[in-house]
Q: 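One structure, as structure tokens, below. Some questions next.
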There are 2 protein chains.
Amino acid sequence: MGTLSDQNAGTRRTTLSRDRVLRAAIAYADANGIESLSMRSLANELDVVPMALYKHVANKEDLLDGMVEIVVGEIDQAAATGEWKHDVRLRILAARAALLGHSWSRPVLESRGAMTPAMLSYLDALTGLFLAGGLSVDLTHQMMHALGNRMWGFSQELFAATPPKDAETLKAQKAALPAHYPNLAEIAKAAMHSDPASRRAPGCDDQAEFEFALDLLLDGVGRLQAHR
Amino acid sequence: MGTLSDQNAGTRRTTLSRDRVLRAAIAYADANGIESLSMRSLANELDVVPMALYKHVANKEDLLDGMVEIVVGEIDQAAATGEWKHDVRLRILAARAALLGHSWSRPVLESRGAMTPAMLSYLDALTGLFLAGGLSVDLTHQMMHALGNRMWGFSQELFAATPPKDAETLKAQKAALPAHYPNLAEIAKAAMHSDPASRRAPGCDDQAEFEFALDLLLDGVGRLQAHR
DNA sequence: TGCCTAGGTGTACGGCGTACACCCCTTCTT
DNA sequence: AAGAAGGGGTGTACGCCGTACACCTAGGCA
């Protein structure tokens, strides 16, 4: 009567899994704020000892990566109508909606290298919408950077970060990129050609891209003013 | 011969001060990365015991606030020429340059409420340039939000955060705002009138502002494409 | 039957921010 | 000149964090 003891609170807990851990972490962060999410508090939530989590996530960084990966994966991918401006608008507003549902997710996402599969997939889809709409590769490239920049002068968007990490794996995944993310691959290739030797990501001129976006905004508002 | 012992490394250290602490912290973060800046490492750098720092900064948050405050204060305030687009452009590129000099500063700044005097002063000056250029108060308001938003759909810019904190002090500083930051006060007042009951900062519709900026960018790039 | 291994446990370490009680040296008062 | 006051550096200690490492244990497979 006592040996299979702990049926303590009625619900017998299913065994842990990476997915269960990540979703519990998301729920906990939603409810209690990201700053009070620790390996210990999360373990406690799952009625488990802290070290048990490490059988499912490599470390806390990996936990956070997994959390944003799920949130980004939940972005609604509406079907394209063919009007690129409308489609892009919808996709971006869907992303916004998904992230607003978890208030911790934006800072966490931004604090990280963030180039996870879900993220790349989102960016690739967006890029594809521009290209399908007839924008040139260059213009699409600029636009993607414009969308990622914050324009106070507080720049450096979501790319960059985490430089090589491991020359082997980097080269391998770069080779695999076109297959999974054809649109990203296309603008990457074009950028590489136009400016072979450059500082950060191949062929990207941060300063020029920042100024492009800034001018787009300034010209846009100038035009609005001119039209009264 | 021994009692006034420690003239240890030649340079007798001057006494600490808030400014010396903050500048040492900036130098340390520049050299070693923000993630290895701790109260202990900083104290060690200053040949002092960790708790000594607390006589000059309230806590680590305050230390970080002070650091960005100095960096933001170093933004070059070029004289206005009267051509608002040019002036705004210059001011923003100056901000970018100032922040790029300290790679840790952008994430730190964004992680914080950030509404320090130097920050408000920068924003007020920028706002003033738009207003002086003849833009309407409403358009200026929208533009300021557009500049603060990041357009992946990963929104919520630099405003918001830290809601009341202390109803007393809040009301006091709101009353003092027009004197120090007249331009900010003007758009705040206008926003308040147009939409008396609203969720976050008085009279600001996040969603609408986000969409305004997004459309500005999309229309701008659409126009570029049309001109080949 | 007995081994292998995936997954949960327990203990422990070093680092963090910081509360609190000191003490000493300077400066100001009378 | 004496003594009070207090600003600023010190020492100790607490509770939290992430996580390394050794261990145990239950189920599946040979």
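Throughout, a chain's letter reflects where its sequence line sits, starting with A, and its residues are numbered from 1. For the numbers below, each heavy atom of this structure counts, side chains included, while hydrogens, waters and symmetry mates do not. In this text the structure is predicted, and so the values were computed from the model without any measurement.
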Q: Using heavy atoms to find the nearest nucleotide of DNA chain C for A/Ala52 and A/Arg40 separately, return the residue whose nucleotide is more 5′.
A: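 Closest to the 5' end, via its nearest nucleotide, is A/Ala52.
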
Q: For DNA chain D, whose closest nucleotide is more 5', that of A/Ser41 or that of A/Lys55?
A: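 Upstream on the strand: A/Ser41.
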
Q: Tell me the interatomic distance from B/Arg18, atom CZ, to D/dG7, atom C1', rounded to whole angstroms.
A: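 Nearest whole value for this atom pair: 17 Å.
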
Q: Nearest whole Å is fine: how far is D/dG11 C1' from B/Asn44 CG?
A: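 Between C1' of D/dG11 and CG of B/Asn44: 16 Å.
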
Q: Without decimals, in angstroms, what is the distance between A/Leu53 CG and D/dA20 C1'?
A: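 These atoms are roughly 15 Å apart.
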
Q: Of the candidate nucleotides D/dG8, D/dG18, C/dT18, which contains the atom at the shortest distance from the side chain of B/Met39?
A: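 Per side-chain heavy atoms of B/Met39, the pick is C/dT18.
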
Q: Please report the distance, rounded to the nearest Å, between CG in B/Leu63 and C1' in C/dC16.
A: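 In whole Å, C/dC16 C1' lies 14 Å from B/Leu63 CG.
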
Q: Is the shortest side-chain N/O distance from B/His56 to OP1 or OP2 of D/dG9 below 4.0 Å?
A: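 Yes, such a contact exists.
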
Q: For the pair made of OH in B/Tyr54 and C1' in C/dC20, what is the distance, rounded to whole Å?
A: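 Distance, rounded to whole Å: 13 Å.
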
Q: Using a 4.0 Å heavy-atom cut-off across all strands, classify A/Lys60 as base, sugar-phosphate, or nothing.
A: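 Answer is sugar-phosphate: A/Lys60 comes under 4.0 Å of backbone atoms only.
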
Q: Nearest 0.5 angstrom please: A/Arg18 CZ to A/Arg23 CZ, how far?
A: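 Reported to 0.5 Å precision, the distance equals 11.5 Å.
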
Q: In whole angstrom, give the distance that lies between atom CE of A/Met51 and atom P of C/dG7.
A: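 Rounded to whole Å, this separation is 15 Å.
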
Q: Identify the two heavy atoms, one from B/Leu64 and one from B/Val108, that lie closest to each other, and give their separation to 0.1 Å.
A: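 Closest heavy-atom pair between B/Leu64 and B/Val108: CB-CG1, 4.2 Å.
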
Q: Atom CG in B/Leu46, atom CG in B/Leu16: separation rounded to 0.5 Å?
A: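 Those atoms lie 5.5 Å apart.
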
Q: In whole angstrom, what separates B/Leu37's CG from C/dG17's P?
A: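 Atom CG in B/Leu37 sits about 8 Å away from atom P in C/dG17.
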
Q: Whole-Å distance between D/dG18 P and B/Glu35 CD?
A: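 After rounding, the reported distance stands at 17 Å.
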
Q: B/Asp124 side chain to B/Asn183 main-chain N or O, any donor-acceptor pair under 3.5 Å?
A: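 Pair found, side chain donor or acceptor close to backbone of B/Asn183.
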
